[in-house]
Asks: 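Next up is a structure, given as structure tokens.
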Protein chains: 2
Amino acid sequence: MDTTIKIVDVAHRAGVAPATVSRVLNNSSQVTPKTRAKVMKIINELGYQPNSAAKNLRSQKTMTIGVIVPDISNSYFSEIIKGIENIAYSKKYKVVICDTANNEEKELEFLNLLTTRTIDGVILVAPMISDEEILKIADHGHTIGIVGKQIDHERIPCILTDNVKFSIQVVSHLVVQGHRNIAFINGSAHAVDSYDRLEGYLKALREHHIPFHPELIENGDFNETGGYEAILRLFDKKLPFTAVFAANDEMALGVYRACSERNIQIPMQLAVFGVDNNRISRYLTPPLSTVNQPKYAMGALLVEKLIDMMHENEFSENRVFKIDSELLIRGSSVNRTQQKDQD
Amino acid sequence: MDTTIKIVDVAHRAGVAPATVSRVLNNSSQVTPKTRAKVMKIINELGYQPNSAAKNLRSQKTMTIGVIVPDISNSYFSEIIKGIENIAYSKKYKVVICDTANNEEKELEFLNLLTTRTIDGVILVAPMISDEEILKIADHGHTIGIVGKQIDHERIPCILTDNVKFSIQVVSHLVVQGHRNIAFINGSAHAVDSYDRLEGYLKALREHHIPFHPELIENGDFNETGGYEAILRLFDKKLPFTAVFAANDEMALGVYRACSERNIQIPMQLAVFGVDNNRISRYLTPPLSTVNQPKYAMGALLVEKLIDMMHENEFSENRVFKIDSELLIRGSSVNRTQQKDQD
DNA sequence: GGATACTTTGAAATCGATTTCAAGCATTGC
DNA sequence: GCAATGCTTGAAATCGATTTCAAAGTATCC
């Protein structure tokens, strides 16, 4: 069947004007129950469904939200997407996803969909583009939301975890376990997350009166290979550290690989702590201690806020959400033999 | 800036008709290099971008492809999505994703986007809906592609792996390792994959003249919990099996959990083999032997075919792709001590 | 130089819905 | 019974691009 049914066809068959059919569809204006029934009957008979392009053009909205993530196959991001998707669908919105593969250009290119009015709004998860660029987009009147970073603009809802806070907790936990020489593998330099987690690490050391050694910090770029190479560089320095705090689980995975190759026992010889609670972490041997963020809920909450913002044009004062994370203490950071730190 | 620039604005400023601007944009018809330059200059000056809804309405296409997967956070599916997305974007198509969470209703609902002309075509990954329903959609003139299953319709491109073939290989490998009592944990009953993998399992047994014991088969529904419960049921039967073939890695994960709880050593006391090569598998202890499918390439190939099909209306004879998988033999299925099977 | 063919450009129709504005109709009140 | 009021419905404009068809302009050939 190539001939698609249009609103005029329905109108004809029902003996009414297209306007009336439209009113029935959008059950807005008052339509007599009698005509409504008559029209509905024809709609069902013909299996009519309104053409979305026409609808979008006239109503000036697409009921579509874009989501930009660095890597869809990282469970951290896919859980956020799930939260976004479910809420969006329940509110009749569609979701278009862009996996940038950490490519800033792709991020920018995708944002063009706002200008072409292909999407009504966009959610940036762990954005790479600059704050200025984000602000510029918002100033153009577009609706944009951010996960994982705070942007100061009355029209940009943000949701983020308190990186500094949980980083302090992680380091404190390691100190309580008896560690004093704690290495830190940081993520990509341009990410705020990296910056904040480092800040938490430093603060915690200060709190516990542990001197800070810059040589104990290496960059791992938030991926497995980066983590692997970072820990090898740390090993090669021959420093006496007994614990490592990796700024995410992916990099901790690299630490596990290096330890396995060098026959270093976790946690007996090296305690490891990650961040993100990736799907994978609990299945490692030993299970990886990590920081759990309510990813699904974060996505859900933000998209809800975003949709609200698109509907009412008022800017709610409740715009920035700082979510608490919980530490998941597992085998990788608890030394069952309570072996003392060889300071 | 609320005032968006329209094609007439550009036309005005450039002193030409909208039609000419349109021709420049779609660089189709012959436009004098001089006028083209003049128009392009204005387009760049104003930062004009055509409204997509208007474009879609007039051109009767949306340059958007829908993708339906059961679970976006399963790396098996997200890798396929990546392949689809990358190729699609390179061909100027957008991708809308639907995570059904194994919900058949959501699958059907999403397919409505075809009828409303919100998407030009759709890719179903491991579909739950019946073949009849799929055929019906194709007969309505919609473009639809399938990953993981074969549908016989000249307009439906399919890509799938030869389940029977690799299942035979897996079981043969286990036999070569000395196993004769091999349990099988199957996936959801309605999936063809389950059916075919079981067939491979049975065929292999026959080939090796190993008697078939129905009690050695349990269903695990393709998820971790299902695998966990299935292996416990098998244990409780007190049968002397020494190897288990799980129809996917997720269920194998459940097997690992059960073994860890019951203190059963893998692979010494129980060899384990999975399917999918999930991100997680190689990081398990011991690393999980599994079957690797070229997920990314499969997604990429299928979407390419789908787009071709939407452009030329001819049906290419090259429609069904059976992809070969490779066995990844890792620690979970190789008994380093070469301990004999206690048959 | 003028007829012919070809190229470039513009005016207007079109895609398929929504929405405004006015007309038609029924109801109410005096 | 007639004017005023309130609902329901329809005709036509609209959203912003593309595309058809015709007109204008230019090149070619005899």
Side-chain angles (χ1 to χ4, degrees), chain A residues 2-40 42-43 46-64 92 112-120, chain B residues 2-40 42-43 46-64 92 112-120:
Chain A
D2 258 280
T3 52
T4 36
I5 301 124
K6 289 169 288 182
I7 199 168
V8 277
D9 302 327
V10 177
H12 250 154
R13 271 280 284 272
V16 297
T20 304
V21 178
S22 173
R23 280 190 269 259
V24 169
L25 285 167
N26 301 286
N27 53 305
S28 55
S29 301
Q30 321 82 314
V31 183
T32 293
K34 205 176 127 196
T35 39
R36 140 162 273 109
K38 186 170 61 180
V39 172
M40 281 308 287
I42 304 295
I43 287 178
L46 300 180
Y48 166 73
Q49 297 219 259
N51 177 303
S52 71
K55 200 171 171 136
N56 293 346
L57 176 58
R58 183 63 237 235
S59 60
Q60 300 284 43
K61 54 186 173 182
T62 61
M63 300 302 284
T64 304
K92 307 283 178 205
N112 259 339
L113 297 186
L114 284 170
T115 326
T116 63
R117 308 275 159 186
T118 308
I119 55 179
D120 293 341
Chain B
D2 259 282
T3 52
T4 35
I5 301 124
K6 290 170 286 182
I7 199 168
V8 277
D9 302 327
V10 176
H12 249 156
R13 271 278 287 269
V16 297
T20 304
V21 179
S22 173
R23 279 190 270 260
V24 169
L25 285 168
N26 301 288
N27 54 305
S28 54
S29 302
Q30 320 83 313
V31 182
T32 293
K34 203 176 128 197
T35 39
R36 143 162 271 108
K38 186 170 62 180
V39 172
M40 280 308 286
I42 303 295
I43 287 178
L46 301 181
Y48 168 71
Q49 297 220 261
N51 177 304
S52 70
K55 201 172 172 133
N56 294 346
L57 176 58
R58 183 63 237 235
S59 59
Q60 300 284 43
K61 54 186 173 181
T62 61
M63 301 301 282
T64 305
K92 306 284 179 204
N112 258 339
L113 297 186
L114 285 170
T115 326
T116 61
R117 308 275 159 187
T118 309
I119 55 180
D120 293 342

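The sequence lines fix the lettering, A, B, ..., with proteins before strands; numbering per chain opens at 1. Computed from heavy atoms alone, side chains included, the values below leave out hydrogens, waters and symmetry copies.
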Asks: Whole angstroms only, please: what is the CG-P distance between Asn56(A) and dG16(D)?
Replies: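 These atoms are roughly 13 Å apart.
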
Asks: For Val21(A), which of Val8(A), Ile7(A), Ile42(A), Thr35(A) qualifies under side chain to side chain contact (heavy atoms under 4.5 Å, CB included)?
Replies: Ile7(A)

Asks: Would you please confirm or rule out a distance under 4.0 Å between OP1 or OP2 of dC15(D) and any side-chain N or O of Asn51(B)?
Replies: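 Looking at the OP1 and OP2 atoms of dC15(D), neither is under 4.0 Å from any side-chain N or O of Asn51(B).
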
Asks: Taking only residues two or more places apart in sequence, or in another chain, which ones meet Asp120(B) in a side-chain hydrogen bond (donor to acceptor under 3.5 Å, both in side chains)?
Replies: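 With sequence neighbours excluded, Asp120(B) shows a side-chain hydrogen bond (donor to acceptor under 3.5 Å, both in side chains) to Thr62(B), given in chain and number order.
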
Asks: Look for any protein N or O under 3.5 Å of an N or O in nucleotides 5-8 of chain D and output each such pair with its distance, or none.
Replies:
{"residue": "dT8(D)", "atom": "O3'", "partner": "Thr32(A)", "partner atom": "OG1", "Å": "3.0"}

Asks: Do Thr4(A) and Arg117(B) come within less than 4.5 Å of each other through their side chains, counting heavy atoms only?
Replies: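 The answer is yes; the side chains approach within 4.5 Å.
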
Asks: I'd like to know whether Thr118(B) forms a side chain to side chain contact (heavy atoms under 4.5 Å, CB included) with Lys55(A), so could you lay out the CA-CA distance, the side-chain angles of the two residues, the decisive distance to 0.1 Å, and finally the verdict.
Replies: CA-CA 10 Å; Thr118(B) 309; Lys55(A) 200 171 171 136; over 6 Å; no

Asks: Looking at side-chain heavy atoms only, is the closest gap between Leu114(B) and Gln49(A) below 4.5 Å?
Replies: no

Asks: Looking at dG16(C), I'd like to know if its phosphate oxygens (OP1 or OP2) sit under 4.0 Å from a side-chain N or O belonging to Gln60(B).
Replies: yes

Asks: First locate atom CG of Leu57(A), then atom OG of Ser52(A), and finally report the distance between them rounded to the nearest 0.5 Å.
Replies: 11.0 Å

Asks: OP1 or OP2 of dA17(D) sitting under 4.0 Å from any side-chain N/O of Tyr48(B)?
Replies: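 Looking at the OP1 and OP2 atoms of dA17(D), one of them is under 4.0 Å from a side-chain N or O of Tyr48(B).
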
Asks: Looking at every non-hydrogen atom in both residues, tell me the closest pair between Val24(A) and Ile43(A) and how far apart they are.
Replies: CG1-CD1, 4.5 Å

Asks: Rounding to a whole Å, what distance do you find between Arg58(B):CZ and dA17(D):P?
Replies: 14 Å

Asks: Between Ser59(B) and Ser22(A), which has a closest nucleotide on DNA chain C that is more 5'?
Replies: Ser59(B)

Asks: Tell me the bend of the helix from dG1(C)-dC30(D) to dC30(C)-dG1(D) as the angle between end helix axes, each from five pairs, rounded to the nearest 10 degrees.
Replies: 50°

Asks: Starting at atom NZ of Lys61(A), determine the distance to atom P of dT19(C), rounded to an integer number of angstrom.
Replies: 8 Å

Asks: Counting side-chain heavy atoms from C-beta on, which of dC15(D), dT18(D), dG16(D) comes nearest to Leu25(B)?
Replies: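 For Leu25(B), the side-chain atoms sit closest to dT18(D).
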
Asks: Considering only dG16(D), dT19(D), dA17(C), which nucleotide approaches the side chain of Leu57(B) most closely?
Replies: dG16(D)

Asks: Can you tell me the distance, in whole Å, between the CG atom of Asn26(B) and the P atom of dT20(D)?
Replies: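 Rounded to the whole Å, the gap is 13 Å.
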
Asks: Which heavy-atom pair separates Val31(A) from Arg36(A) by the least distance, and what is that distance?
Replies: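 Nearest pair, atom of Val31(A) first, then Arg36(A): CG1-N, 3.9 Å.
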
Asks: Shorter than 3.5 Å, N or O on both sides, protein versus nucleotides 10-12 of chain C: list them out with atom names.
Replies:
{"residue": "dG10(C)", "atom": "OP2", "partner": "Ala17(B)", "partner atom": "N", "Å": "3.0"}
{"residue": "dG10(C)", "atom": "OP2", "partner": "Thr20(B)", "partner atom": "OG1", "Å": "2.6"}
{"residue": "dG10(C)", "atom": "N7", "partner": "Arg23(B)", "partner atom": "NH2", "Å": "2.7"}
{"residue": "dG10(C)", "atom": "O6", "partner": "Arg23(B)", "partner atom": "NH2", "Å": "3.4"}

Asks: Please report, rounded to the nearest Å, how far the P atom of dG16(C) is from the NE2 atom of His12(A).
Replies: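 In whole Å, dG16(C) P and His12(A) NE2 are 15 Å from each other.
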
Asks: Specify the separation, in whole Å, of atom NZ of Lys6(B) and atom P of dG16(D).
Replies: 4 Å

Asks: So which atom in Pro50(A) and which in Leu25(A) form the shortest heavy-atom distance, rounded to 0.1 Å?
Replies: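 Of all heavy-atom pairs spanning Pro50(A) and Leu25(A), the closest is CG-CD1, 4.5 Å.
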
Asks: Distance check needed: dA17(C) C1' versus Met63(A) CE, whole Å only.
Replies: 15 Å

Asks: List the atom pairs, donor and acceptor, that lie under 3.5 Å between side-chain atoms in residues 9-19 of chain B and the rest of the protein, sequence neighbours left out.
Replies:
{"residue": "Asp9(B)", "atom": "OD2", "partner": "Lys6(B)", "partner atom": "N", "Å": "2.8"}
{"residue": "Arg13(B)", "atom": "NH2", "partner": "Glu45(B)", "partner atom": "OE1", "Å": "2.9"}

Asks: Can you tell me if NZ on Lys61(B) sees more than 12 non-hydrogen neighbours from other groups inside 6.0 Å?
Replies: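 At most 12 heavy atoms, drawn from other residues, nucleotides or ligands, come within 6.0 Å of this atom.
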
Asks: Can you tell me how far P of dG16(D) sits from CD of Gln49(B), to the nearest Å?
Replies: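 Checked: the CD to P distance equals 15 Å.
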
Asks: Below the 4.0 Å mark, does dT18(D) have OP1 or OP2 next to a side-chain nitrogen or oxygen of Lys55(B)?
Replies: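 Looking at the OP1 and OP2 atoms of dT18(D), one of them is under 4.0 Å from a side-chain N or O of Lys55(B).
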
Asks: Taking only residues two or more places apart in sequence or in another chain, which ones pass side-chain hydrogen bond (donor to acceptor under 3.5 Å, both in side chains) with Thr32(B)?
Replies: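 With sequence neighbours excluded, Thr32(B) shows a side-chain hydrogen bond (donor to acceptor under 3.5 Å, both in side chains) to no residue whatsoever.
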
